[in-house]
Amino acid sequence: MLPRLVPRLQPSALALYGAPVIALIFTLAFGYVLFASIGRDPLAALHAYFVAPVNSTFGLSELLLTALPLALIGLGLAVGFRANIWNIGAEGQLLLGAIGGGSVALALWGEGVPGTFVLVCLTGALTGMAWAAIPAFLRIRFNANEILTSLMLIYVADQLLGYLVHGPLKNPQGFGFPESRLFSAEAQMPLLWDATRLHVGWLLLPVAAVGIWLFLSHTLAGFRMRVGGDAEPAAAYAGFSRPGMIWLSFLLTGGLAGLVGAMEVAGPVGQLLPTISPGYGFAAIIVAFLGRLTPLGVVLAAHLLALILIGGENVQMLGVPSSVAQLFQGVLLVALLASDVLVRFRVVWSTPARRAA
Amino acid sequence: MEDSLWVAILIAAMRTATPLILAALGELIVEKAGCVNLGVEGMMLVGAVTGFAVGLTTGNFALAFVVAAVAGAVLSVVYAALVLVFQVNQYAAGLSLTILGGGVSAFWGQPWQGQNMTGLQPTVIPGLSDLPVIGTVFSRTDIVTWAALAACVAVALVLTRTRAGLILRAVGENHDSAHALGYSVRWVRTLAIAFGGAMAGMGGAYLSCVMTPLWIEGMTAGRGWIAVALVVFATWKPARVVLGAWLFGAVSVMQIHGQAMGLAVSSHILAMLPYLVTILVLVLISRDATRIRLAAPGSLGKPFKPA
């Protein structure tokens, strides 16, 4: 008896929404074995990882705060991935948003302009868009692979941030540490929930999710994106502009990632530092796939990924390295991609027929 | 004095190019078989951490490179399974490998995080090392640098002059025809992918055992991605991989020798150069879409579904 894959006539909806569950169960099982293999009580470790961090109201607020960047970037990526357009450089667009927004915050430092944080967010979104426009332009005009160019620009953005906090934007009273001044109060995101770090930026999440849902399911441009991904020849035959799709998906994701970057530095971080993101731009790729490229799914998946990021910090108390979070992300994505085989194929167990000579 | 600076730059460029040559030659074979593996960065990281661990604990660098190659190959099998068995999109599968490799190396490498060691030393060949200039280059480069160049010749010969190379190219150019001729597309691709993983693993080991003999999380810093870009830049020709890698080596070295050459530019700005140059050469080479289409293997990136 050997398993054989037989193509389905229709993609299976059950498998489509079941695959993330299978992947999650596999990841938890992997975690159980991993914690046991390094001599920890697996159930206690899994509890410390996935339950303890959200066992308090503060913990819950931290989950919402961490899920926000993942969900916003994931929403943008979902639109692009739908159209088979691969923006892998959201991390760089996030950094540029932080740089752009942070520069405004520092330029208006101590000026006491009310509502500076709005300007910070807008500038962040625009600089993120501008950074995303580079790979989009290079793809359309010069046919350069957008995966590689957008990825290279992450490292450029990282060095740019390093240059700025070591040089022009360094705090003059900072004893030479590579960090900017702390933003003044009016440049910081107002808090939404007292005694937590959750800020008003969270209100943008439902707006963005509903907006992207409306766009994908109720507009012609959204329909074009879906056709462009599902059946590129059909999209080309229908005259749907490929450059238009590339521009739209890059500018959308770049804008959202830039906004996220600005909200991070004007929110929980409060200043420009050499490192401001624990890899949100990469984790958001997993979020988009795990959320089945649908807005509601992305929002749910963002909270799961946020839990994986926060849990990694929490198990350090048990002497488990926090990099276990990255390991779980990798295992989750691999398991998800593998489970997705069930969407388009069904497994048939059969004994190979003996061929007549 | 001028001379010695230029020789120093040449040597540094050759050493910087070595991990790129190793990883890119591996990826070239994978792509010649029709698959794009974007997991090179992850496989290099796994190779770097295993190579470092073995080098540090045993002091045996030959063993370190072998173990790193095996580790890279083992990780690449995950990609092979996803793409060849589970019918996953090649880009997504490669990305997952990069994330997984980053996670595995960071988690497993935690005990060695930030440690350093005495790396592999240059091989001194009596007589040869006494020659002017060439002798200096020989006496200050290590055996792996030269092995990488030999690997380039070997890859080129296997691809163009052997039956195995012909089968590999047939599978990459048109997997349906190769399948119809009775070749096992899956096995050929699995072997090619494992070879790519082993080469990337050794490229990573070169970083952590020779170039900068230490282990830090994410120490490859995008070199795996540059290796993927190099294959496009080389239009899938092994000799051009070496040329491209030397170009990147030279640009990267600017970062180290920039100040010595009197460049009053921030080290952060100089550190951007290799990435900017990668983008630039990608743009220059991709501009001619027809040329890329003709040079690329015909079945590159397409899913293989045997009837």
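Chain A is the first sequence line, chain B the second, and so forth, proteins listed ahead of strands; every chain is numbered from 1.
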For chain B, the option from [options] that forms the most heavy-atom pairs under 4.5 Å:
options                                    : answer
Leu332(A), Ile147(A), Val331(A)            : Ile147(A)
Arg139(A), Arg141(A), Met152(A), Gln329(A) : Met152(A)
Ile285(A), Leu164(A), Asp158(A), Ile88(A)  : Ile88(A)
Leu148(A), Asn145(A), Leu333(A), Ile134(A) : Leu148(A)

Residue [X] versus chain A: region with a heavy atom under 4.5 Å:
X         : value
Val104(B) : both
Ile226(B) : both
Val283(B) : both

At a 4.5 Å cut-off on heavy atoms, which part of [X] comes close to chain B: side chain, backbone, both, or neither?
X         : result
Arg344(A) : side chain
Leu34(A)  : side chain
Phe81(A)  : neither
Leu336(A) : neither
Ile286(A) : side chain
Leu151(A) : side chain
Leu161(A) : neither
Ile154(A) : neither
Asp340(A) : neither

Looking only at heavy atoms, what is the nearest atom pair of [X] and [Y], with distance?
X         : Y         : value
Thr253(A) : Ala90(A)  : CG2-CB, 4.4 Å
Leu207(B) : Met44(B)  : CD1-CE, 4.2 Å
Ala92(B)  : Leu337(A) : O-CD1, 3.5 Å
Leu38(B)  : Tyr91(B)  : CD1-CD2, 3.7 Å

(message) Going by side-chain contact (heavy atoms from CB on, under 4.5 Å), name the residues that satisfy it together with Val298(A), two or more places apart in sequence or in a different chain.
(response) Leu75(A), Ala78(A), Val287(A)

(request) Apply side-chain contact (heavy atoms from CB on, under 4.5 Å) to Phe345(A) and list each qualifying residue two or more places apart in sequence or on a separate chain. (result) Leu5(A), Pro7(A), Val341(A), Gln87(B), Lys305(B)

(request) Taking the side chain as every heavy atom from C-beta outward, state whether Gln93(A) and Asn87(A) have any pair of such atoms under 4.5 Å apart. (result) yes

(message) For His175(B) and Phe304(B), take the angle between the two ring planes, folded into 0 to 90°, and tell me which bin it lands in: parallel under 30, tilted 30 to 60, perpendicular over 60.
(response) tilted

(request) Assign the ring pair Phe328(A) / Phe30(A) to parallel, tilted or perpendicular, where the plane angle (0 to 90°) is split at 30° and 60°. (result) perpendicular

(message) Any side-chain to backbone donor/acceptor pair from Arg8(A) onto Leu342(A)? Under 3.5 Å, distance only.
(response) yes

(request) Look only at the side chain of Ser180(A) and the backbone of Leu272(A), and say whether a donor-acceptor pair between them is shorter than 3.5 Å. (result) yes

(request) Output the option from Ala229(B), Gly222(B), Pro274(B) having the highest count of non-hydrogen pairs under 4.5 Å with chain A. (result) Gly222(B)

